[in-house]
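For reference, the structure is listed below as structure tokens.
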Amino acid sequence: MNDILNQLNPPQREAVTATEGPVLVLAGAGSGKTRVLTYRIAYMLEEKNIAPWNILAITFTNKAANEMADRVEALVGAAANDMWVRTFHSACVRILRRDIERLGYGRNFNIIDADDQKSLVKECVRELRLSEDEFPHRSVLAEISRAKDGLYTPEEYCREFATEYRLSQVGRIYTLYQNKLRRSNDVDFDDLIMLTVRLFRECPDVLEYYRNKFKYILVDEYQDTNPAQNELIILLAGEHRNICVVGDDDQSIYKFRGADISNILEFEKAFPNAKVVRLEQNYRSTQNILDAANSVIKNNTGRKGKHLWTDGEKGENIQVYRANNDFDEADYIVKQIRSLAADGYRYGDIAVLFRAKSSSKVIEDCFMRAALPYRVLSGLRFYDRKEIRDMIAYLRLIKNPDDDVSLRRIINVPSRKIGKVTLDAINSMAAREGVSLYRAISGHLEDFKGGVAEFYTLIENLRSLVGTVPIDELVQRVYEDSGYEKSLEKDEKGQERAENIGELISGASHYTETVDEPNFDDYMDNLVLVSDVDNYDEDTDAVVMMTMHASKGLEFPVVFICGFDDGVFPSVKAIFDPEEIQEERRICYVAITRARQRLYLTGSHSRMVFGKTSVYKPSRFLNEIPEELYELTDAREEMHARAEQLRETMGAMMQKKEKKMPTATVTMSAEKPKPTGNVNLKAGDTVSHPKFGEGVIISAQPVGNDVHYKINFNGVGEKNLLGLYAKLTKIN
DNA sequence: CTCAGCTAGATTTTT
DNA sequence: TCTAGCTGAG
């Protein structure tokens, strides 16, 4: 054990050995946070003889939880198995599975995911006869989610916002949404936390049980907790106060998901006399990179305050490049990577970070053309794929026939010729009798034949298999018997989809083989809560591209941060709000501190956004970095030198777009094919359209370089058409 | 019921 | 400009 302590620097050692009482560890980027957490647990077990089952370690991601569990096990061996090392959500599931009946839910509740939430909200909006334009599911869902993060029940929410029209309507949606969830015994991600808090508040004996059980609590990434999660921790640790939270207020970048930075800033209010430990020595980056990060983040207010430093070298200067346009920017990145490769870097050592996914496209194209190996991280997650979600919907319906959301999803997938009309009929039947859709069907079997009857038999048959066949076989049977397998034959993406389902099935057999007591309910929890950990495989030698958010917690020898322009990063959406700018600045801090040796910041004087070319100034964050830390290259000054290459790039792009021309001459026709449409028509003109026949223009509204026509066609009625695209001919 | 064609919208997303 | 999701014609 002394060995272990000797491997730590003084503040790290302090954080590890302060096992009693509240501790706040402010862990700067790259300061050995994970090491502190794992050593602390090892220290508690070995030196303090604390029983492993008295320890609760909470993380946000499964990846972090698994990593922590593995590392602790490596230090102390099997004792690690008796601890709870879990994500907030999976810890809550486990607690709720035991006692949720106290809140009137059934113990076999299903956990619905974002996609189901979306359709449920839509359904609610429609049922309440509200406009889907005014209450788009996206923002309503965010609103509901924030409400739950803030521990507002529907009733409290409605009361709170009764006087404000929009929010009071959202309150109605929230109420209906919650009722629907409850009726089908479903909970969403946010419910997992909120219901656990409710359970603790309403059932003191339950809270007492867990307070006794978890005498020592650790929370990782504390800056990312939302109010509900914070309350959960306060409830659990409030009595014994053996709570250690680790985080970095400067790395709080998930406000939009409900994370509340004040949880970490005000930790000492919740736990007076907390010991505060700062980990500021950095073991990752060069001093230049740290200086840049420090100088940016110091512009934020209300920080706990930290100053990163290293024993290591000053390192290379940061390279700043201002391109002429976004193609040129991508081109620069490719060229630099080539020369880095020549310097001995592996592609896998290099990461390209961007603020928004949309920025990746230009760069990807450029990499593709240059034949540089790359991967984009965090595209579609495995369990977000349509075919996987369809399979899961079947499984969920089998598990819980009252799960209307899942039923709607797959009753006609693959097609059983069950359309809106039939579904509406079932729906009103169910509403009339106050039962779920599936029960409505089973109660009126005589009324249904064909598709619906077929579907019912299918589900009943599959249901009878639960518990009698292994889970992987069950999944296989769903896949075959539902006709899904067959339907993929006609699907152009069928091959890939079949492979994904194959992976789901092998995942299921892996589960059956590795888990002590495999059971269907538990398998389903894992399916929803455990996304495919991380498809980031460090062994493949390819440049990684990802959002700055996704890069949190990772590190790379070389980092490119692209789109370093005001309006791109910081995002336009943040530019007028000082709070948002502070959040962007934290994102910037996170991004910069990913780099170990070399950092590139690239921007562009102009870029294509939404089809229009706009002009950009350098990111304001660049002004916050002292000039002596970087070398600036401005393409504008080298314009002439580069003009030739640029032309080639553009030429190659044009060629790629119009595959027809084999070789020909690469001309400089950057002009796109002229839109054939007619934009010179006026109100009153008579026109002819291939489909709608003749009509008279009622109005012509210019929209950009296009014109928006409202036309009254004879016998057809009013149509809205765009001049550039509609095939309109003027008739005199 | 299905599919083509149009429209509106277009940060970030650990669970 | 690109694309996901909705609408309306077959």
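Order of the sequence lines fixes the chain letters, A, B, ..., with proteins taken first and strands second; residue numbering starts at 1 for each chain.
Among residues two or more places apart in sequence or in another chain, the ring-ring contact (aromatic ring centres under 6.0 Å, His included) test is passed with A/Phe109 by none. Residues that satisfy the side-chain hydrogen bond (donor to acceptor under 3.5 Å, both in side chains) test with A/Gln178, not counting sequence neighbours, are A/Lys148, A/Asp191. Legend: residues meeting side-chain contact (heavy atoms from CB on, under 4.5 Å) with A/Asp525, ordered by chain and number and at least two apart, are A/Val93, A/Arg97, A/Ile111. A/Tyr511 meets the side-chain hydrogen bond (donor to acceptor under 3.5 Å, both in side chains) test with A/Asp522; sequence neighbours excluded.
Judged by atom type and distance alone, A/Arg355 reaches the base of B/dT12 through a side-chain donor-acceptor pair under 3.5 Å. If you check distances only, the side chain of A/Arg257 does reach the base of B/dT15 with a donor-acceptor pair under 3.5 Å.
Put simply, the side chain of A/Thr547 gets close to the backbone of A/Ala550: a donor and an acceptor are under 3.5 Å apart. A donor-acceptor distance shorter than 3.5 angstrom exists from the side chain of A/Gln229 to the backbone of A/Asn226, with no hydrogens or angles considered.
For A/Thr422, whose side chain is taken as the heavy atoms from C-beta onward, the closest listed nucleotide among C/dT1, B/dC1, B/dT15 is B/dC1. In this structure, of B/dT14, B/dT15, C/dT1, it is B/dT14 that holds the atom nearest to the side chain of A/Tyr254. Closest to the side chain of A/Thr547, from the set B/dC1, B/dT2, B/dT13, is B/dT13. In the set B/dT12, C/dG5, B/dT15, the nucleotide with an atom closest to the side chain of A/Phe256 is B/dT12. Closest to the side chain of A/Phe60, out of B/dT14, C/dT1, B/dT11, is B/dT14.
With salt bridges taken as basic N to acidic carboxylate O contacts below 4.0 Å, none links A/Lys361 and A/Glu364. Under the 4.0 Å criterion applied to side-chain N and carboxylate O atoms, A/Glu132 and A/Arg126 are assigned as salt-bridge partners.
Residue contacts for A/Ile418: at a heavy-atom cut-off of 4.0 Å it reaches the sugar-phosphate backbone alone, with no base atom in range. Nucleic acid contact for A/Ser90: none, since no nucleic acid atom lies under 4.0 Å from a heavy atom of the residue. Across all strands, A/Gln229 comes closer than 4.0 Å to no nucleic acid atom at all (heavy-atom distances). Residue-level contact check: A/Lys417 touches the backbone only, with heavy atoms under 4.0 Å from sugar-phosphate atoms and none from bases. Within 4.0 Å (heavy atoms only), A/Asp113 reaches no atom of the nucleic acid at all.
For DNA chain B, the neighbouring residues in residues 133-151 of chain A, judged by any heavy atom under 4.0 Å, are A/Arg138.
Taking atom CG of A/Asp365 as the reference point, atom C1' of C/dC2 lies 12 Å away to the nearest angstrom. Regarding A/Leu377, its CG atom lies at a distance of 10 Å from the P atom of B/dT13, rounded to whole Å. One can place CD of A/Glu123 at 14 Å from P of C/dC6, the figure rounded to the nearest angstrom. Protein atom CZ of A/Arg607 is 15 Å distant from nucleotide atom C1' of C/dT1, rounded to whole Å. One interatomic measurement links the two molecules: NZ of A/Lys118 to P of C/dC6, which rounds to 7 Å at whole-angstrom precision. One can place NE2 of A/His549 at 9 Å from P of B/dT12, the figure rounded to the nearest angstrom. In this structure, A/Glu132 atom CD and B/dA8 atom C1' are separated by 14 Å, rounded to whole Å. What separates CZ of A/Arg416 from C1' of B/dC1 is a distance of 15 Å, to the nearest Å.
Taking the nucleotide of DNA chain B with the nearest heavy atom to each of A/Gly419 and A/Ala574, the more 5' of the two is matched to A/Gly419.
Applying the 4.0 Å criterion to OP1 and OP2 of B/dA10, one finds that A/Lys357 has every side-chain N and O outside that range. Residue A/Lys122 places at least one side-chain N or O closer than 4.0 Å to OP1 or OP2 of C/dC6. Close to B/dT2, at under 4.0 Å from its OP1 or OP2, lies a side-chain N or O of A/Ser415. For B/dT2, one of the phosphate oxygens OP1 or OP2 lies less than 4.0 angstrom from a side-chain nitrogen or oxygen of A/Asn412. The shortest distance between the side-chain N/O atoms of A/Asn62 and the OP1/OP2 oxygens of B/dT14 is not below 4.0 Å.
Comparing the P positions of B/dT12 and C/dG5 gives an interatomic distance of 15 Å, to the nearest angstrom.
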Which atom pairs, one a donor and one an acceptor, fall under 3.5 Å between side chains of residues 614-621 of chain A and the rest of the protein, sequence neighbours left out?
| from | atom 1 | to | atom 2 | distance (Å) |
| --- | --- | --- | --- | --- |
| A/Ser619 | OG | A/Phe569 | O | 2.9 |
| A/Ser619 | OG | A/Phe621 | N | 3.1 |
| A/Arg620 | NE | A/Asp566 | OD1 | 3.2 |
| A/Arg620 | NE | A/Asp566 | OD2 | 3.1 |
| A/Arg620 | NH2 | A/Asp566 | OD2 | 2.8 |

